[in-house]
Asks: 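Take a look at this one; I'll ask things after.
The chain is numbered in sequence order, starting from 1.
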Amino acid sequence: MKNKVCILTSVHPPSDVRIFHKEAKSLVKAGYGVTLIAQHDKEEIVDGVKIINLQKPRNRIERMTKTVWSAYRNAVQLDADIYHFHDPELIPVGLLLKKRGKSVVYDVHEDYFESIKLKEWLPSFLRYFIADVFKRFEIHASRKFDVVITATEMIGKRFSRGK
């Protein structure tokens with residue numbers, strides 16, 4: 001068997017088309033050992049992908065704290081060769097895994113800088129400030145990861161290594 005790959009998401013369900021069907025199953029087919037850490041009601045193996053369940057959080061704050069750190073603890077215990085994460089709230093997890101000498105892939109599905117400005121749950125007077133702070137943090141952190149995958153070319157321009 002090739003390297004062990006751990007895919008992490010604190011937001012998406014384990015059956016997510018992009019994460020499970022396109023990535024995890026393709027890696028299994030290529031001979032990798034794949035574990036997916038995601039919100040789920042049980043631990044199981046589906047189509048060769050081991051799913052480690054994260055408890056479903058009661059609210060956004062619990063997801064961004066308790067769920068994230070549970071994902072980290074599970075990831076460390078797994079001791080994979082490559083970690084591939086999908087949610088911006090997992091950036092600190094990715095940084096901690098890099099400090100442990102692991103290969104880390106950040107998969108950017110959307111333009112979070114722009115989407116933060118539209119979050120109705122954030123007070124309107126804070127949205128642009130939070131978006132700007134997040135953009136700076138995301139760019140700085142992404143330089144530490146081995147690979148950054150972006151969903152669109154426009155998002156990819158923000159992450160080009162020369163900028």
Side-chain angles (χ1 to χ4, degrees), residues 5-24 26-27 34-40 52-78 80-163:
V5 178
C6 176
I7 301 172
L8 298 108
T9 178
S10 52
V11 176
H12 303 281
S15 61
D16 181 85
V17 171
R18 180 176 183 190
I19 295 171
F20 184 78
H21 294 283
K22 292 182 179 179
E23 293 173 5
S26 295
L27 287 166
V34 181
T35 301
L36 172 59
I37 298 174
Q39 289 183 39
H40 197 43
I52 294 178
N53 63 306
L54 296 173
Q55 263 190 339
K56 293 183 182 184
R58 292 175 291 193
N59 54 49
R60 187 176 288 113
I61 297 294
E62 189 172 286
R63 189 191 78 215
M64 292 180 173
T65 56
K66 185 177 176 184
T67 302
V68 164
W69 295 114
S70 179
Y72 175 69
R73 284 190 305 276
N74 280 292
V76 168
Q77 285 180 343
L78 184 62
D81 302 298
I82 302 167
Y83 292 88
H84 184 148
F85 73 95
H86 289 266
D87 310 307
E89 64 201 42
L90 292 172
I91 290 172
V93 171
L95 293 171
L96 290 170
L97 291 167
K98 278 305 297 176
K99 283 193 177 238
R100 290 176 164 270
K102 299 299 183 177
S103 294
V104 177
V105 176
Y106 177 30
D107 199 326
V108 186
H109 293 215
E110 62 184 87
D111 187 339
Y112 299 113
F113 169 67
E114 291 299 329
S115 68
I116 288 170
K117 293 188 258 180
L118 304 173
K119 301 289 184 194
E120 292 184 9
W121 54 270
L122 287 172
S124 58
F125 68 93
L126 285 177
R127 290 179 194 161
Y128 283 82
F129 172 75
I130 292 170
D132 188 58
V133 168
F134 175 77
K135 178 182 175 182
R136 292 168 192 265
F137 170 68
E138 183 181 43
I139 294 300
H140 176 72
S142 72
R143 291 187 177 124
K144 299 190 183 322
F145 302 136
D146 298 280
V147 177
V148 176
I149 298 170
T150 58
T152 68
E153 197 174 312
M154 189 175 102
I155 296 169
K157 287 180 182 178
R158 182 176 309 139
F159 293 94
S160 60
R161 298 282 182 183
K163 298 194 177 192

Asks: Are there more than 12 heavy atoms of other residues, nucleotides or ligands under 6.0 Å from atom CZ of Arg18?
Replies: yes

Asks: Which heavy-atom pair separates Leu27 from Ile7 by the least distance, and what is that distance?
Replies: CD1-CD1, 4.3 Å

Asks: Donor-acceptor check, side chain of Asp87 to backbone of Glu89, threshold 3.5 angstrom: yes or no?
Replies: no

Asks: Inspect the surroundings of CD in Glu62 and state if more than 12 heavy atoms from other residues, nucleotides or ligands are less than 6.0 Å away.
Replies: yes

Asks: Would you call Asp146 and Lys98 a salt bridge, using N to O less than 4.0 angstrom?
Replies: yes

Asks: When you look at NE2 of His140, are more than 12 heavy atoms from neighbouring residues, nucleotides or ligands closer to it than 6.0 Å?
Replies: no

Asks: Donor-acceptor pair, Lys102 side chain versus Ala80 backbone, under 3.5 Å?
Replies: yes

Asks: For the residue pair Gly94 and Phe85, what are the closest heavy atoms and their distance?
Replies: CA-CE2, 4.0 Å

Asks: Fit a plane to each ring of His84 and His86, take the angle between them on a 0 to 90° scale, and name the class: parallel (under 30°), tilted (30 to 60°) or perpendicular (over 60°).
Replies: parallel

Asks: Indicate yes or no for a side-chain donor-acceptor contact from Ser70 to the backbone of Lys66 under 3.5 Å, with no hydrogens or angles considered.
Replies: no

Asks: Looking at every heavy atom in both Val148 and Val108, which two are closest together, and how far apart are they?
Replies: CG1-CG2, 3.9 Å

Asks: Restricting to non-hydrogen atoms, name the atom on Phe20 and the atom on Pro14 that form the minimum distance, rounded to 0.1 Å.
Replies: CB-O, 3.0 Å

Asks: Let me confirm one number: the OG-CG distance from Ser142 to Leu95, rounded to the nearest 0.5 Å.
Replies: 9.5 Å

Asks: Within the side chain of Tyr83, is there an N or O that forms a donor-acceptor pair under 3.5 Å with the backbone of Ala75?
Replies: yes

Asks: Count the heavy atoms of every other residue, nucleotide or ligand shown that sit under 6.0 Å from OH of Tyr128, and state whether that count exceeds 12.
Replies: no

Asks: Quick one: pull up CG in Leu122 and CD1 in Ile130 and give me the separation to the nearest 0.5 Å.
Replies: 4.5 Å

Asks: What's the shortest heavy-atom distance between Cys6 and Leu78, and which atoms?
Replies: CB-CD2, 3.5 Å

Asks: Applying side-chain contact (heavy atoms from CB on, under 4.5 Å) between Val93 and each of Val104, Val76, Val68, report the one that passes.
Replies: Val68

Asks: Where is the tightest heavy-atom contact between Ile149 and Val147, given as atom of each residue plus distance?
Replies: CG1-CG1, 3.9 Å

Asks: Using only atom types and a distance under 3.5 Å, with no angle test, would you say the side chain of Gln39 pairs donor to acceptor with the backbone of Ser10?
Replies: yes

Asks: Using modelled atom types only, decide if a donor and an acceptor are shared between the side chain of Arg63 and the backbone of Val11 within a distance under 3.5 Å.
Replies: no

Asks: Could you go through the side-chain contact (heavy atoms from CB on, under 4.5 Å) check for Tyr106 and Leu90 one step at a time?
Replies: CA-CA 9 Å; Tyr106 177 30; Leu90 292 172; over 6 Å; no

Asks: Salt-bridge test for Lys135 and Glu138: reply yes if a basic N is under 4.0 Å from a carboxylate O, no otherwise.
Replies: no

Asks: Determine the interplanar angle of the His12 and His109 rings, folded into 0 to 90°, and report it as parallel if under 30°, tilted if 30 to 60°, perpendicular if over 60°.
Replies: parallel

Asks: Applying side-chain contact (heavy atoms from CB on, under 4.5 Å) to Tyr72 and Leu97, what does each step give before you reach the verdict?
Replies: CA-CA 8 Å; Tyr72 175 69; Leu97 291 167; 4.2 Å; yes

Asks: Please determine whether side-chain contact (heavy atoms from CB on, under 4.5 Å) holds for the pair Val17 and Lys22, giving the CA-CA distance in whole Å, both sets of side-chain angles, and the decisive distance to 0.1 Å.
Replies: CA-CA 6 Å; Val17 171; Lys22 292 182 179 179; 4.2 Å; yes

Asks: What distance do Ile52 atom CD1 and Leu8 atom CG have between them, rounded to the nearest 0.5 Å?
Replies: 9.0 Å

